[in-house]
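Below is one structure, written out as structure tokens; the observations come after it.
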Amino acid sequence: MSNEKIVLTKEGAEKLRAEYEDLVHNQRIAIASDVEAARAQGDLSENADYHASKDKLAEIDRRIAEIEETLRNSTIVQEKSKVSKTVVIGTNVKIRDLSDNSETTYRITSTVEADPMNNVISNESPLGKALFGKRVGDIAVVKVAEEYSVEILAIEK
């Protein structure tokens with residue numbers, strides 16, 4: 001990761017801290033004891049349990065380091081009120097797709113928090129970029145292979 005500041009919502013930072021605590025105080029301890037138990041079985045060169053446990057421990061350690069780096073280089077978006085006049089990180093945006101009149105609500109976050117399967121999109125995604133800075137009533141053009149337009153119906157924090 002670079003030393004560039006990462007923008008997080010308060011909820012996103014809390015979620016990362018909770019994941020970090022679980023990894024450090026629960027999962028890492030459990031896997032470390034699995035490694036010790038597998039080591040006690042003898043010959044490590046052909047001990048599949050030992051190697052699997054070591055791989056899992058390395059994976060957990062990588063994620064712990066990644067979360068530490070993210071939190072160290074992050075800034076939290078300050079929420080001023082429940083109503084926002086423009087789309088920014090931390091807002092919920094209700095839009096209408098003008099091609100089929102379907103309505104969907106998205107939460108705009110940074111790439112670290114994005115979860116497109118649950119309508120949490122990054123401000124750097126094509127839709128996020130199109131919506132960012134817009135106001136209720138604005139039409140945004142989403143720049144993808146087949147461009148489409150959406151109307152912003154509501155913005156909330």
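The figures here come from the full heavy-atom set of this structure, side chains too, leaving out hydrogens, waters and symmetry mates.
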For this session: Would you check, one step at a time, whether the test salt bridge (charged side-chain N to carboxylate O under 4.0 Å, His left out) holds for E66 with R63?
Result: CA-CA 5 Å; E66 181 180 296; R63 181 63 182 151; 2.2 Å; yes
For this session: Assess whether side chain to side chain contact (heavy atoms under 4.5 Å, CB included) is satisfied between I108 and I121, documenting all intermediate values.
Result: CA-CA 5 Å; I108 308 298; I121 62 170; 3.7 Å; yes
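- Cluster annotation: V120 and I152 are assigned to distinct hydrophobic clusters (Ile/Leu/Val/Met/Phe/Trp/Tyr, side-chain heavy-atom contacts under 4.5 Å, transitive).
- Distance check, rounded to the nearest 0.5 Å: CG of D97 to CD of E103 gives 10.5 Å.
- Scanning both residues, I139 and S149, for their nearest heavy atoms gives CG2-CB, 3.9 Å.
- L71 is listed as a side-chain neighbour of L8, based on a closest heavy-atom distance under 4.5 Å.
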Exercise. Does the pair T91 and F132 meet the rule for a side chain to side chain contact (heavy atoms under 4.5 Å, CB included), with working shown?
Worked result: CA-CA 10 Å; T91 54; F132 207 81; over 6 Å; no
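- The NZ atom of K143 lies 13.5 Å from the CG atom of L127; values are rounded to the nearest 0.5 Å.
- Rounding to the nearest 0.5 angstrom, the gap separating the CG atom in L16 from the CD atom in E68 is 11.5 Å.
- In this structure the side chain of N101 reaches within 4.5 angstrom of the side chain of R96, judged on heavy atoms.
- Between S122 and T111, the shortest heavy-atom contact is OG-CG2, 3.1 Å.
- Looking at residues two or more places apart in sequence or on another chain, you find no salt bridge (charged side-chain N to carboxylate O under 4.0 Å, His left out) involving K129.
- Here K56 pairs with E59 under the salt bridge (charged side-chain N to carboxylate O under 4.0 Å, His left out) rule; sequence neighbours left out.
- For the residue pair P126 and V144, the shortest heavy atom distance occurs at CB-CG1, 3.6 Å.
- Looking only at side-chain heavy atoms (C-beta outward), L131 and V150 come within less than 4.5 Å of each other.
- Every residue two or more places apart in sequence or in another chain that forms a side-chain contact (heavy atoms from CB on, under 4.5 Å) with D22 is listed here: N26, Q27.
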For this session: For the pair R107 and N119, evaluate side chain to side chain contact (heavy atoms under 4.5 Å, CB included) and give the outcome as yes or no after the intermediate values.
Result: CA-CA 6 Å; R107 177 137 178 97; N119 291 353; over 6 Å; no
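- Interatomic distance, NE2 of H25 versus OH of Y20, reported as 7.0 Å (0.5 Å rounding).
- Here the closest heavy-atom approach between residue I89 and residue T109 is recorded as CG2-CA, 4.1 Å.
- We find that K15 and E113 are not joined by a salt bridge, their nearest charged nitrogen and carboxylate oxygen being 4.0 Å or further apart.
- For I31 against S53, the heavy-atom pair with the smallest separation is CG2-O, 3.4 Å.
- With hydrogens and angles disregarded, no donor-acceptor distance shorter than 3.5 Å links the side chain of S110 to the backbone of I6.
- Atom CZ in R28 sits 6.0 Å away from atom CD1 in I64 (nearest 0.5 Å).
- With rounding to the nearest 0.5 angstrom, the CG atom of L23 is 11.0 Å from the CD1 atom of I29.
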